[in-house]
Amino acid sequence: MSPAVATYMSIWPMLALAMLVGAIVLSYKIEKRSPDLTNRTGVPRMAMMLHTVTNWKVARDKETQRLRRFMLLLMLGIVVVFIVTGFVISTIDESAIQ
């Protein structure tokens with residue numbers, strides 16, 4: 001296994017996790033800016049990712065939509081990382097592992 005492949009295989013999980021955490025943080029920010037999604041119960045709840053991804057009950061102002069687009073880019077980045085990882089894994093020879 002080449003050093004570049006070994007380095008990528010050790011870094012990709014941290015990269016995907018960091019992008020997921022960033023997307024969750026942005027989802028909470030979007031919820032705060034959207035009156036219909038604001039948590040008024042005082043009880044902590046999970047991020048409403050489905051609402052923010054599909055733009056359902058999300059505020060339509062430019063700043064909120066900009067945050068939403070950036071969140072979508074982060075989530076697309078996670079998909080790209082998994083696709084690249086699948087490609088990298090498919091190129092590894094079984095003889096190189098042993």
Side-chain angles (χ1 to χ4, degrees):
M1 187 177 335
S2 72
V5 171
T7 302
Y8 176 76
M9 293 305 288
S10 62
I11 289 176
W12 81 265
M14 293 178 287
L15 180 63
L17 187 61
M19 286 192 286
L20 179 62
V21 169
I24 291 170
V25 168
L26 283 174
S27 179
Y28 279 125
K29 286 182 181 180
I30 292 167
E31 289 174 34
K32 281 184 182 179
R33 296 179 61 86
S34 302
D36 292 339
L37 296 179
T38 303
N39 185 5
R40 293 178 184 87
T41 63
V43 179
R45 68 176 183 196
M46 294 173 49
M48 299 182 75
M49 296 286 285
L50 181 63
H51 287 73
T52 54
V53 166
T54 59
N55 208 19
W56 183 28
K57 297 184 179 180
V58 174
R60 303 288 190 226
D61 62 289
K62 287 184 179 182
E63 181 64 22
T64 304
Q65 292 298 316
R66 187 186 65 78
L67 290 171
R68 187 179 159 275
R69 280 192 299 274
F70 190 67
M71 183 191 72
L72 290 173
L73 280 174
L74 285 174
M75 295 181 81
L76 179 66
I78 294 169
V79 172
V80 169
V81 165
F82 273 94
I83 291 171
V84 170
T85 302
F87 177 73
V88 169
I89 289 173
S90 71
T91 60
I92 297 174
D93 293 333
E94 287 185 27
S95 59
I97 297 172
Q98 300 168 352

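Numbers here are sequence positions counted from 1. Excluded from the calculations below are hydrogen atoms, water molecules and symmetry mates; all remaining heavy atoms, backbone and side chain alike, are included. Small disclaimer: the values here were computed from a predicted structure and weren't measured.
- Of the inter-residue distances, the one linking I78 atom CD1 with L17 atom CG reads 8.5 Å to the nearest 0.5 angstrom.
- At a threshold of 4.5 Å between side-chain heavy atoms, the hydrophobic network of Ile, Leu, Val, Met, Phe, Trp and Tyr places V88 and L15 in one connected group.
- Looking only at atom types and distance, the side chain of N39 has a donor-acceptor partner in the side chain of T41 under 3.5 Å away.
- Applying the side-chain hydrogen bond (donor to acceptor under 3.5 Å, both in side chains) rule to R40 yields no partners; only residues at least two apart in sequence or on another chain are considered.
- By the criterion of side-chain heavy atoms lying less than 4.5 angstrom apart, applied directly or through intervening Ile, Leu, Val, Met, Phe, Trp or Tyr residues, I89 is grouped together with V80 in one hydrophobic cluster.
- Residues Y8 and I11 do not share a hydrophobic cluster, clusters being chains of Ile/Leu/Val/Met/Phe/Trp/Tyr side chains in contact below 4.5 Å.
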inquiry  = The test is side chain to side chain contact (heavy atoms under 4.5 Å, CB included); show your working for M48 and I30 and say whether it passes.
reply    = CA-CA 9 Å; M48 299 182 75; I30 292 167; over 6 Å; no
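- Minimum heavy-atom separation, L74 to A23: CD1-N, 3.7 Å.
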task = Assess whether side chain to side chain contact (heavy atoms under 4.5 Å, CB included) is satisfied between S27 and M71, documenting all intermediate values.
result = CA-CA 7 Å; S27 179; M71 183 191 72; 3.9 Å; yes
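- Put simply, NZ on K62 and CG on L67 are 14.5 Å apart, with the number rounded to the nearest 0.5 Å.
- At a threshold of 4.5 Å between side-chain heavy atoms, the hydrophobic network of Ile, Leu, Val, Met, Phe, Trp and Tyr places L20 and F82 in one connected group.
- Between W56 and H51, the ring-plane angle classifies as parallel under the 30° and 60° cut-offs.
- For D61, the side-chain hydrogen bond (donor to acceptor under 3.5 Å, both in side chains) test picks out R33, T64, with sequence neighbours left out.
- In this structure, M14 places its CE atom where more than 12 heavy-atom neighbours from other residues, nucleotides or ligands lie under 6.0 Å away.
- With sequence neighbours excluded, the residues that form a salt bridge (charged side-chain N to carboxylate O under 4.0 Å, His left out) with R45 are E31.
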key: Verdict with reasoning, W12 to V84, per side chain to side chain contact (heavy atoms under 4.5 Å, CB included)   = CA-CA 9 Å; W12 81 265; V84 170; over 6 Å; no
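- For T7 (side chain) and P3 (main-chain N/O), a donor-acceptor pair under 3.5 Å exists by modelled atom type.
- L73 and V81 end up in different hydrophobic clusters when Ile, Leu, Val, Met, Phe, Trp and Tyr side chains are linked at under 4.5 Å.
- Counting heavy atoms from C-beta outward, Q65 and V58 have side chains that approach closer than 4.5 Å.
- Around OH of Y28, the count of heavy atoms belonging to other residues, nucleotides or ligands within 6.0 Å exceeds 12.
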request  = Please report the C-alpha distance between R68 and L72 in whole Å, then the side-chain angles of each, then the deciding distance to 0.1 Å, and finally whether the side chain to side chain contact (heavy atoms under 4.5 Å, CB included) criterion is met.
outcome  = CA-CA 6 Å; R68 187 179 159 275; L72 290 173; 3.9 Å; yes
